[in-house]
Amino acid sequence: MIHSDEKVRQMARSLLPSTARRQARKERTVTNRAARREARLAVVAWLRTGDLDADEPAEVPWRKHEIELMVLDRRRADKVNPFVRWAAARVRRMPHDAREGYVRGILPKGVIGRHAWSHLEHTPAFEDPVKREARAHHWKHREQLARKRERDEVASLLREILAAPDGHATFNQYLREHATWRRSPSPKKGWIPRTPPLPHRPLRGAHDVNAFVDSRKLDGRSAYCFSTETMDAPVRWVRIFLERFKANLGDIPATLAALRAEGWMSPRPLGQPCFSEPEPRTLPARPSAH
């Protein structure tokens, strides 16, 4: 059995072999390759069209966001539970104020120790209760601000739809189609009827924008939570229309074309039924007596 300093070093080093290390290397390689390609294309364009004496090559933004997401995904896959249980057991009889100094003192110096402490500082055994409450209040406030911004943006897009030519009719027609029919998880099956149909909630006008947003709960992160294996939620339908409307700069014909190209709306023009009635079935001919 390993004891003393060697045990501490072994526990700290046990975090390093992440279970997602191969995927992280692959993502980092793809991100760096894409960034180098962007920089190379910018330099080539500058050499062809720019003035080498007066102009400077275009500044290519570094893919910092993708790198940060890759690092977070790799850290989430670290094997932290044995280390957290071991550290909590070492300080369970110590006062809360002395735990951080003790653990940081026994951990190895350098990258290994800093990485190990990053997994401990927000655990219940080491985080200050006052700081934990303040951090929770901070994130709650940020979420409320995000929900308000989301609500304002959705309401603004809905008012733009109402002001656009044929926007109101197009949006309600889109909602009516999805209230009656749903898309099958398999694209080979196409559109199949929903049983029973969901209640249709149209947008009645400019006076109904706020009530429509509240009824569909379009503000907040819950609007982004959906599963392709279940029925399409009405929230998801509205968000898809708003995303295509915003991507096409408020152009209703372009939005319709995008929705029809992706299969989110019937290819028939407005005013016609979404789906044709089934053709009458022809009975087979009776066999002859001979």
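By convention here, the first residue in the shown sequence is residue 1. What you see below is based on every heavy atom in this structure, not just the backbone, and it leaves out hydrogens, waters and symmetry mates. Computed from a predicted model, the values in this text were never measured in an experiment.
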Tell me if the [atom1] atom of [X] is crowded by more than 12 foreign heavy atoms within 6.0 Å.
X: His138; atom1: NE2; result: yes
X: Glu133; atom1: CD; result: no
X: His207; atom1: NE2; result: yes
X: Arg135; atom1: CZ; result: yes

Can you tell me how far apart [atom1] ([X]) and [atom2] ([Y]) are? Round to the nearest 0.5 Å.
X: Ile106; Y: Arg90; atom1: CD1; atom2: CZ; result: 4.5 Å
X: Asn210; Y: Arg151; atom1: CG; atom2: CZ; result: 5.0 Å
X: Arg239; Y: Lys246; atom1: CZ; atom2: NZ; result: 9.0 Å
X: Leu242; Y: Glu160; atom1: CG; atom2: CD; result: 10.0 Å
X: Asp128; Y: Arg99; atom1: CG; atom2: CZ; result: 11.5 Å
X: Trp264; Y: Arg236; atom1: CH2; atom2: CZ; result: 6.0 Å

Run Lys131 and Glu121 through salt bridge (charged side-chain N to carboxylate O under 4.0 Å, His left out) and show every step you take. CA-CA 11 Å; Lys131 293 182 179 179; Glu121 58 182 345; over 6 Å; no
If you look at every heavy atom in Ile252 and Asp166, which pair is closest and at what distance? CG2-O, 4.2 Å
Considering all heavy atoms of both residues, which atom of Val91 and which atom of Tyr102 are nearest to each other, and what is their separation? CG1-CD2, 3.7 Å
Name all residues meeting the side chain to side chain contact (heavy atoms under 4.5 Å, CB included) criterion together with Ala211; count only those two or more places apart in sequence or in a different chain, and write none if there are none. Arg201, Asp208
Same cluster (ILVMFWY, side-chain, under 4.5 Å), Ile67 and Val30: no
After noting the C-alpha distance and the side-chain angles of Gln144 and Arg147, does the key distance pass the side chain to side chain donor-acceptor pair (under 3.5 Å) rule? CA-CA 5 Å; Gln144 290 176 351; Arg147 291 174 66 93; over 6 Å; no
Using the test ring-ring contact (aromatic ring centres under 6.0 Å, His included), find all partners of His119 that sit at least two apart in sequence or belong to another chain. His115
Who pairs with Tyr174 by ring-ring contact (aromatic ring centres under 6.0 Å, His included), at least two apart in sequence or on another chain? His178, Phe241
Are Gln173 and Glu177 close enough, and set up right, to give a side chain to side chain contact (heavy atoms under 4.5 Å, CB included), and what steps lead you there? CA-CA 6 Å; Gln173 175 71 16; Glu177 289 185 11; 3.5 Å; yes
